[in-house]
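First up is the structure itself, then whatever we jot down about it.
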Amino acid sequence: MSAVSTAITRAFDILEAIAERERGMTTSEVSRRLGIPKSSASYILHTLEQRGYLKRQATTRRYQLSLKILNITRHLLADLDIRELARPTLRELVEQSGLTAHLAVLDQGEAVYIEKIEAPGFVRMNTWIGRRLPVHSTSVGKALVAYLDEATVKALIKERGLRKQTPKTIASCAEFMHELARVREHGFAIDDEENSLGVRCVAAPVFDAAGCVVASIGVTGTTTQNDLRRLPRTATLVKEAARKLSQQLGYRSPRRSLGAPH
């Protein structure tokens, strides 16, 4: 039973690791990344491929997730009515900002993209529906947890940690709590190259009828596309998009003030 449990755990670890890599992973990369024998990695990868959960590129020998994963999650995604409601607002946000827009929810202490509208142009953001992100280094994550009580946030930090994604990532609990206070004060969050160098993001929380944060809307672009001079306008657009979606969900609190970036 112990061997079976280990194999199952490794299979899920492999799926999650490959899901984080848009180009997929080779057997050797999986072995090194997860610290498991290459023979074990090869066996599990082959099994997952046979079952249809992975596909392997003939030229690069890289494994990638297959569409069968979407088949498993289609009922869950179908139940997320907020995605349908959000699409027109996200499209409008993309048109107004020229940046890629995302809708994210909080799941098991991480931010998860459940919708994405790509901005036109040659620059493509390395994001996808289903991608999981740390909350402390992303604008959508900060917006999702900013209105949780302090004890819950600290418990989340204790469990997940504050891993340095870049030299700019917040790495102390006190600094993170201060950052969340700023999110509540201004009504939006910023990721200024904290999760990926060269990328700047802005997000705002989405509230339901009970006044609880159920999602966040954010825009992502390069630091050139989303430069500091544009931040006030970008923040205003993002907050307005989040307000519209909140109203559609039954939120009727007075409109929040549009503060300047801090």
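Remember, predicted model here, so these are calculated numbers, not experimental data. For reference, positions follow the sequence shown, starting with 1.
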Is [X] linked to [Y] within one hydrophobic cluster, defined over Ile, Leu, Val, Met, Phe, Trp and Tyr using a side-chain heavy-atom separation of less than 4.5 Å?
X: Phe188; Y: Val94; result: yes
X: Val199; Y: Leu231; result: no
X: Leu90; Y: Trp128; result: no
X: Leu133; Y: Ile82; result: no

May I ask you to decide if [Y]'s main-chain N or O and [X]'s side chain share a donor-acceptor pair within less than 3.5 Å?
X: Thr166; Y: Ser196; answer: no
X: Glu110; Y: Gln108; answer: no
X: Lys154; Y: Met177; answer: no
X: Arg184; Y: Tyr147; answer: no
X: Arg132; Y: Asp107; answer: yes
X: His136; Y: Ala171; answer: no
X: Ser31; Y: Ala41; answer: no
X: Glu115; Y: His102; answer: no
X: Lys142; Y: Val183; answer: no

Could you grab the distance from atom [atom1] of [X] to atom [atom2] of [Y], nearest 0.5 Å is fine?
X: Leu103; Y: Arg87; atom1: CG; atom2: CZ; result: 9.5 Å
X: Thr222; Y: Leu197; atom1: OG1; atom2: CG; result: 13.0 Å
X: Thr223; Y: Asn226; atom1: OG1; atom2: CG; result: 9.0 Å
X: Ser216; Y: Leu245; atom1: OG; atom2: CG; result: 10.5 Å
X: Thr89; Y: Arg243; atom1: OG1; atom2: CZ; result: 10.5 Å
X: Asp191; Y: Lys168; atom1: CG; atom2: NZ; result: 10.0 Å

Please find the pair of heavy atoms, one from [X] and one from [Y], that lie closest to each other, and give the distance.
X: Ala143; Y: Ala189; answer: N-CB, 4.0 Å
X: Ala104; Y: Tyr113; answer: CB-CD2, 4.1 Å
X: Ala241; Y: Leu93; answer: CB-CD2, 4.1 Å
X: Val140; Y: Ala111; answer: CG2-CB, 4.1 Å
X: Ala242; Y: Pro205; answer: CB-O, 3.3 Å
X: Phe207; Y: Ser246; answer: N-OG, 2.9 Å

Is it true that Arg182 and Glu185 have a side-chain N and a carboxylate O under 4.0 angstrom from each other?
->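 A salt bridge is absent here (no side-chain N lies under 4.0 Å from a carboxylate O).
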
Hey, are Glu29 and Arg62 close enough for a salt bridge, meaning a charged N less than 4.0 Å from a carboxylate O?
-> yes

Should [X] and [Y] count as side-chain neighbours, where that means a heavy-atom distance under 4.5 Å?
X: Arg230; Y: Arg200; value: no
X: Tyr63; Y: Arg56; value: yes
X: Val135; Y: Leu144; value: no
X: Val219; Y: Leu237; value: no
X: Pro37; Y: Arg10; value: yes
X: Ile36; Y: Asp13; value: no
X: His46; Y: Glu49; value: yes
X: Leu45; Y: Ile18; value: yes

Residue that, paired with Arg160, satisfies side-chain contact (heavy atoms from CB on, under 4.5 Å) out of Leu156, Leu162, Ile157 | Leu156

Verify the neighbour count for atom NZ of Lys164: are there more than 12 heavy atoms of other residues, nucleotides or ligands below 6.0 Å?
-> yes

Quick check: are there more than 12 heavy atoms from other residues, nucleotides or ligands sitting under 6.0 Å from CZ of Arg23?
-> no

Start with the C-alpha distance between Leu54 and Leu15, add both sets of side-chain angles, then the distance that settles side chain to side chain contact (heavy atoms under 4.5 Å, CB included), and finish with yes or no.
-> CA-CA 8 Å; Leu54 294 178; Leu15 287 172; 3.9 Å; yes

Before giving the answer on side chain to side chain contact (heavy atoms under 4.5 Å, CB included), spell out for Lys244 and Glu92 the whole-Å C-alpha distance, their side-chain angles and the decisive distance to 0.1 Å.
-> CA-CA 11 Å; Lys244 286 181 180 179; Glu92 183 180 11; 3.0 Å; yes

Tell me yes or no: between the side chains of Lys38 and Thr27, is some donor less than 3.5 Å from an acceptor?
->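 Judged by distance alone, the side chains do not pair up.
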
Check whether the side chains of Ser137 and Asn195 place a donor and an acceptor atom closer than 3.5 Å, and report yes or no.
->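 Ser137 vs Asn195: donor-acceptor pair found between side chains.
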
So Leu148 and Leu106, side chain to side chain contact (heavy atoms under 4.5 Å, CB included) or not? Walk me through it.
-> CA-CA 11 Å; Leu148 296 177; Leu106 186 65; 4.2 Å; yes

